[in-house]
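A quick write-up on the structure given underneath.
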Amino acid sequence: MLSGGPESALVPDAPDLDPAMLASGIPVFGICYGMQLLARHLGGELVKLERAEYGPAVLQVAARESPLFAGVPATSRVWMSHGDSVARLPAGFATLASTERCAVASMGDTVRRIYGVQFHPEVAHTEHGRAVLANFLSGIAEVPADWAMESFVDESIAGIRSTLGSARAICALSGGVDSAVAATLVARAVGEQLTCVFVDHGLLRAGEAEQVVATFRDVLHLDVRVVDARARFMQALRGVEDPERKRIAIGHAFIGVFEEAARAIPGVRFLVQGTLYPDVIESKTPMSKAGHKIKSHHNVGGLPERMSLELVEPLRSLFKDEVRALGRVLGLPEPIVNRQPFPGPGLAVRIIGDVTQERLRIVREADAIVREEIDAAPLDPHPWQYFAVLTPVRSVGVMGDGRTYANLVAVRAITSEDGMTADWARLPPELLERISTRIVNEVRGVNRVAYDITSKPPATVEWE
Ligand code: XMP
């Protein structure tokens with residue numbers, strides 16, 4: 001399978017395909033840029049589109065009998081992201097599908113078993129993408145479906161051992177599933193050569209910091225150094241209201257704290273990161289190059305260069321659901337494996353405006369109620385992510401005999417595949433009622449609750 005690569009196969013330095021591979025009779029499948037490379041190398045012609053095609057499109061399958069489209073309806077939704085297009089097919093190829101703006105959305109040479117698709121079958125927005133991939137793998141290439149996560153574990157462990165040798169590595173644990181799985185895998189490979197650092201920035205949800213440390217120390221027996229940096233982060237956040245400045249302040253504080261902790265561990269050469277495949281491809285899409293920065297995501301980017309550490313990224317080829325499956329194979333407890341996505345800057349971006357201890361208490365208590373109630377509800381589908389946001393709004397209320405003038409908490413619950421797009425969850429009114437009543441009764445300082453009914457886009461998942 002050929003996919004990814006530079007933006008344009010028209011550019012002179014586009015990599016060459018191995019002619020021996022193309023002549024060998026091995027089935028070949030080119031995805032997006034991979035299809036363009038195939039077309040170019042097999043004698044077809046490419047053109048640069050006047051306007052790149054990015055986003056959803058309707059695929060019309062012209063060759064319903066093609067094994068590549070077995071079981072795929074005549075029309076379906078696909079995701080496009082390309083600046084070049086195939087203008088003339090190589091000899092022996094036929095057009096298998098098209099979209100309104102892309103005449104050759106799929107091409108194939110049945111005899112040589114060489115196929116290509118211009119759309120992205122691997123993303124959730126492509127309705128029958130998995131079927132197309134499965135059709136190529138089992139129907140055309142006749143690859144037996146015998147891959148198991150256990151073999152991934154064995155191969156990764158061997159690879160990590162040979163990369164690290166006897167060198168030491170460090171890993172920043174965030175409490176999230178990615179860093180947890182990456183650290184566990186590396187620890188399986190090199191044991192005590194790995195030290196984990198957990199920076200307690202004081203912005204996690206109720207009970208989380210304790211849970212992370214207990215799990216990694218007592219259940220997984222990892223070497224975890226806990227740095228209590230709560231005061232430092234509160235100091236860094238003092239008076240910061242602007243969302244972007246907040247994220248940057250937290251990012252800087254994190255790097256400072258982590259660097260200090262890492263320097264205290266002698267002889268470290270490697271930094272373990274839980275980079276996933278979507279992070280790898282996202283940083284290469286035309287959108288990410290040209291797109292506006294919407295939010296500065298907080299991670300340890302930039303650290304490896306500053307500290308001259310080499311990166312170990314054992315999850316680079318996996319999607320999130322595969323990371324969860326890997327976590328289960330490695331014996332990670334369910335609360336970690338199933339943890340909802342949580343922003344690196346934590347509750348700070350769920351407190352609109354100034355972050356203070358008192359406002360942290362309010363959002364933490366309200367969030368615990370939201371999670372408790374939704375976790376216990378038999379919902380289908382279960383929302384993908386849900387939390388409370390403390391707004392800067394205060395409003396008048398009446399409690400008992402008295403007037404109140406207190407905070408407004410917003411509840412957000414979304415359905416999503418990957419957080420890139422999202423819809424607000426249609427929670428039952430009785431559940432919303434319970435959440436609202438409990439928050440107002442149990443969280444001191446809150447007298448009103450609102451439910452966020454905005455999708456992404458146009459809103460984002462987090463409020464800041
Ligand atoms: P947005 O708010 O950008 O969020 O629509 C999309 C998904 O990403 C999560 N998120 C983050 N994750 N670091 C992370 O690792 C961050 O700084 C960050 N900010 C948002 C968010 O919770 C949602 O699932």
Side-chain angles (χ1 to χ4, degrees), residues 123-125 171-183 198-199 201 203-205 208 212 233 236-237 240 242-255 258 273-283 285 287-288 291-303 313 315 318-321 323-324 336 338-352 355 363 367 370-371 374 381-391 410-425 452-464:
V123 304
H125 303 283
C171 179
L173 286 181
S174 66
V177 61
D178 307 340
S179 61
V181 173
F198 174 67
V199 176
H201 53 23
L203 305 168
L204 289 185
R205 292 170 289 193
E208 263 186 334
V212 169
F233 278 85
L237 283 168
V240 181
D242 176 74
E244 200 50 23
R245 282 189 51 218
K246 225 184 236 183
R247 281 176 173 266
I248 289 166
I250 293 171
H252 283 166
F254 185 88
I255 287 177
F258 187 75
Q273 273 191 346
T275 316
L276 305 191
Y277 186 61
D279 308 329
V280 177
I281 40 179
E282 213 164 82
S283 64
T285 60
M287 264 294 272
S288 68
H292 298 285
K293 180 187 272 185
I294 298 176
K295 293 175 187 182
S296 294
H297 267 218
H298 154 76
N299 54 31
V300 285
L303 257 187
E313 296 176 308
L315 314 179
L318 302 182
F319 284 96
K320 193 86 170 186
D321 53 342
V323 172
R324 292 191 206 279
I336 300 262
N338 266 330
R339 189 179 187 255
Q340 287 183 38
F342 186 67
L347 296 176
V349 292
R350 294 181 180 170
I351 295 173
I352 311 309
V355 178
V363 81
D367 182 75
V370 173
R371 281 194 289 149
I374 297 184
H382 202 76
W384 195 74
Q385 197 176 5
Y386 35 98
F387 51 88
V389 176
L390 178 56
T391 75
V411 174
R412 180 109 166 111
I414 55 149
T415 53
S416 178
E417 287 271 350
D418 48 17
M420 306 279 282
T421 57
D423 198 5
W424 59 279
D452 183 347
I453 53 167
T454 337
S455 62
K456 172 187 178 175
T460 52
V461 174
E462 304 290 343
W463 279 35
E464 285 197 336

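Order of listing sets the numbers, starting from 1, for every ligand and every atom in it.
Taking 4.5 Å as the limit, some side-chain heavy atom of Arg205 sits within range of a side-chain heavy atom of Leu347. Side chains of Phe233 and Val355 form no contact here, defined as non-hydrogen atoms less than 4.5 Å apart. In this structure the side chain of Ile374 reaches within 4.5 angstrom of the side chain of Pro383, judged on heavy atoms.
At a heavy-atom distance under 4.0 Å, only side-chain atoms of Arg247, from C-beta outward, approach ligand 1. Neither the backbone nor the side chain of Trp463 comes within 4.0 Å of ligand 1, counting heavy atoms alone.
Ring geometry for Tyr386 against His382 counts as perpendicular: the plane angle is over 60°, on a 0 to 90° scale with 30° as the lower cut.
Every N/O-N/O distance between Gly419 and ligand 1 stays at or above 3.5 Å. Considering backbone and side-chain atoms alike, Pro345 places every N or O at 3.5 Å or more from each N or O of ligand 1. The shortest N or O to N or O distance between Glu462 and ligand 1 is below 3.5 Å. In terms of polar-atom proximity, Trp384 is not counted as a contact of ligand 1, lacking any N or O under 3.5 Å from an N or O of the ligand.
In this structure, the side chain of Arg412 engages the main chain of Val461 through a donor-acceptor pair within 3.5 Å.
Close contacts of ligand 1 with Lys456, meaning ligand atoms under 4.0 Å from a residue heavy atom, involve 1 (P), 3 (O), 5 (O), 6 (C). In summary, the atoms of ligand 1 found under 4.0 Å from a heavy atom of Gly344, numbered by their order in the structure, are 13 (N), 14 (C), 16 (C), 17 (O).
Sparse packing is recorded around CD of Glu417, with 12 or fewer heavy atoms of other residues, nucleotides or ligands lying under 6.0 Å away.
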